[in-house]
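Both counts, for ligands and for their atoms, begin at 1 and track the order of listing. Just so it is clear, the structure is predicted and the values come from calculations on it, not from any experiment.
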Amino acid sequence: MVKGTTSFGKHSRHKVHIVCRRCGHRSFNVKKKRCSYCGFPDPRWRKYSWGKHR
Ligand SMILES: [Zn+2]
């Protein structure tokens, strides 16, 4: 066994969300390449009519 805490607290080492340049929130998923807050780079910016306008 490994003595000491070698791999302790390295869970959040890799950043997943970066600052979105559209909404400013740190919700831009690097892997998905999309902001989970505003939906960047999706053209529709969280339209208020999400499927209601039809
Ligand atoms: Zn955003």
Please report the C-alpha distance between Ser36 and Ser27 in whole Å, then the side-chain angles of each, then the deciding distance to 0.1 Å, and finally whether the side-chain contact (heavy atoms from CB on, under 4.5 Å) criterion is met. CA-CA 5 Å; Ser36 58; Ser27 307; 3.5 Å; yes
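In this structure, Arg34 and Pro41 have side chains that are in contact, with non-hydrogen atoms separated by less than 4.5 Å. Using a 4.5 Å heavy-atom threshold, the side chains of Val30 and Ile18 count as touching.
Around the Zn ion (ligand 1), protein N, O or S atoms at less than 2.8 Å comprise Cys20 SG, Cys23 SG, Cys35 SG, Cys38 SG.
In this structure, the separation between NZ on Lys15 and CG on Asn29 is 12.5 Å, given to the nearest 0.5 Å. Here Arg26 contributes atom CZ and Cys35 contributes atom SG; the two are 11.5 Å apart, rounded to the nearest 0.5 Å.
Between Phe40 and Phe28, the ring-plane angle classifies as tilted under the 30° and 60° cut-offs.
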